Novice: 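Take a look at this one; I'll ask things after.
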Amino acid sequence: SLSRSYGVYYLTTGNGMLYQTYCDMTTAGGGWTLVASVHENSVYGRCTVGDRWSSQQGNNADLPDGDGNWSNRNTFGTVESATSDDFKNPGYYDITAEDMSVWHIPNNLPLEFWNMEAAAVLRYHTGNRFLRLYGGNLFQLFKQYPVRYNVGSCGDRGPAIPIVYDHGDKESTRMLYGPREFEPGFITFRAINYERAAMAICSGVKPTVGYNTEHYCIGGGGYFHPDQCGDFPSFDYDRLGREQGWSASREMTEAAVLLFYR
């Protein structure tokens with residue numbers, strides 16, 4: 001019933017395919033549908049098995065798109081395990097949406113606790129209906145801004161959209177990542193780093209200087225600098241969880257990034 005404020009729902013695609021997902025009916029008026037999660041199973045793996053949002057085929061310049069899952073109709077995972085493994089349902093490409101919400105939820109947290117605000121590392125959403133300009137979902141947005149090695153030059157990026165915080169704030173976002181090369185308070189798409197590797201989403205931030213986006217952006221194409229490939233490309237640059245230098249915090253590195261549409 002729609003009286004529930006959150007939980008598992010069944011939806012049907014335009015082609016009549018039934019799929020299961022999680023919906024949040026409370027945040028900022030509700031109506032949020034989970035379409036994907038980006039989960040780093042091993043930050044030490046370099047585009048190895050489980051790196052579905054970059055490449056599972058090694059760090060290979062001859063495969064510039066990697067697995068290509070940001071802009072294809074491949075699906076994987078289950079809603080129940082979205083904090084324990086990568087997840088992508090047909091809603092990712094089938095839903096016509098206006099806004100996005102992002103939850104950074106600790107790895108392996110059971111679904112019944114996802115809605116507990118205190119459990120989240122960060123939660124935020126967009127409010128300006130930006131997806132209307134980019135085809136209504138990320139599948140279409142990444143057709144316009146391909147997540148592909150060498151597709152553009154250092155510093156090129158897609159749109160940077162302001163966010164409204166539901167848990168956390170600009171200051172906590174700044175502390176959760178290592179390098180101070182960004183302005184917090186945004187979600188940025190398809191950022192290209194110094195080595196011309198493409199990352200899909202800089203979640204919570206807008207790159208401003210330096211273009212070492214591998215330390216604070218997620219997902220990507222099939223080729224990076226050798227020490228950077230993966231779904232969380234180089235969050236562990238100064239080893240995991242030191243919270244110094246270039247590394248992201250342990251909280252960020254050990255949290256799944258849940259992507260919702262409305």
Side-chain angles (χ1 to χ4, degrees), residues 35-77 81-82 84-89 92-93 107 137-158 177-179 181 188-203 205 207 210-240 245-248 252-257 259:
V35 297
S37 76
V38 185
H39 171 269
E40 180 58 88
N41 59 315
S42 169
V43 78
Y44 303 118
R46 297 294 178 219
C47 285
T48 44
V49 171
D51 285 326
R52 294 179 190 85
W53 293 109
S54 48
S55 176
Q56 301 182 93
Q57 305 166 81
N59 194 27
N60 190 343
D62 294 328
L63 296 170
D65 294 282
D67 281 22
N69 285 321
W70 292 102
S71 53
N72 66 26
R73 289 183 172 82
N74 191 19
T75 58
F76 39 82
S81 60
S84 310
D85 200 359
D86 291 326
F87 176 59
K88 181 185 173 193
N89 67 35
Y92 179 88
Y93 58 81
N107 286 348
N137 53 46
L138 294 181
F139 173 78
Q140 297 292 347
L141 184 150
F142 288 123
K143 297 283 187 205
Q144 294 180 45
Y145 295 95
V147 183
R148 177 183 304 132
Y149 169 66
N150 212 16
V151 75
S153 54
C154 156
D156 286 358
R157 61 166 174 79
Y177 292 112
E181 296 189 344
T188 307
F189 298 95
R190 217 288 305 278
I192 294 177
N193 74 355
Y194 187 75
E195 293 88 2
R196 302 171 78 90
M199 273 131 275
I201 297 179
C202 306
S203 211
V205 301
Y211 310 120
N212 297 291
T213 52
E214 65 275 7
H215 302 298
Y216 49 89
C217 304
I218 61 170
Y223 186 65
F224 291 74
H225 179 280
D227 294 330
Q228 297 172 359
C229 209
D231 285 358
F232 289 5
S234 193
F235 277 31
D236 65 324
Y237 190 80
D238 288 324
R239 304 305 284 179
L240 177 59
W246 292 95
S247 288
M252 274 314 226
T253 306
E254 297 182 352
V257 183
L259 307 177

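The shown structure was predicted, so the numbers you read here are calculated from the model rather than taken from an experiment. Just so you know, these numbers use all the heavy atoms, side chains as well, and skip hydrogens, waters and symmetry mates.
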Novice: For the backbone of Gln56 and the side chain of Asp67, can you confirm whether one donor and one acceptor N or O come within less than 3.5 Å of each other?
Specialist: yes

Novice: Any heavy-atom pair between the side chains of Phe76 and Asp86 that's under 4.5 Å?
Specialist: yes

Novice: Under 3.5 Å, is there a donor-acceptor pair between the side chain of Asn69 and the main chain of Arg52?
Specialist: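 Looks like yes, one N/O pair under 3.5 Å.
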
Novice: I'd like to know if the side chain of Asn72 reaches the main chain of Asn74, judged simply by a donor and an acceptor atom lying under 3.5 Å from each other, with no hydrogens or angles considered.
Specialist: yes

Novice: Above 12 or not: heavy atoms from other molecules or residues under 6.0 Å from OH of Tyr194?
Specialist: no

Novice: Does Ala256 offer a backbone N or O that forms a donor-acceptor pair with the side chain of Asn107 under 3.5 Å?
Specialist: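 Yes.
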
Novice: So, does Thr188 use its side chain to make a donor-acceptor pair with the main chain of Val205 at under 3.5 Å?
Specialist: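 Pair found, side chain donor or acceptor close to backbone of Val205.
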
Novice: Taking the side chain as every heavy atom from C-beta outward, state whether Val151 and Arg196 have any pair of such atoms under 4.5 Å apart.
Specialist: no

Novice: Can Asp231 and Ser54 be counted as having a side-chain donor-acceptor contact under 3.5 angstrom?
Specialist: yes

Novice: Counting only N and O atoms by type, is there a donor-acceptor contact under 3.5 Å from the side chain of Trp70 to the main-chain atoms of Asp65?
Specialist: no

Novice: For the side chain of Ser37 and the backbone of His39, is there at least one donor-acceptor N/O pair under 3.5 Å apart?
Specialist: no

Novice: Considering all heavy atoms of both residues, which atom of Pro233 and which atom of Cys217 are nearest to each other, and what is their separation?
Specialist: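 The pair with the smallest heavy-atom distance is CD-O, 3.1 Å.
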
Novice: Please report the C-alpha distance between Asn193 and Gln228 in whole Å, then the side-chain angles of each, then the deciding distance to 0.1 Å, and finally whether the side chain to side chain contact (heavy atoms under 4.5 Å, CB included) criterion is met.
Specialist: CA-CA 11 Å; Asn193 74 355; Gln228 297 172 359; 3.4 Å; yes

Novice: Taking the side chain from Arg148 and the backbone from Tyr145, do they hold a donor-acceptor pair closer than 3.5 Å?
Specialist: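 Answer holds: no.
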
Novice: State, yes or no, whether a side-chain contact exists between Asn59 and Tyr223 at a heavy-atom distance under 4.5 Å.
Specialist: yes

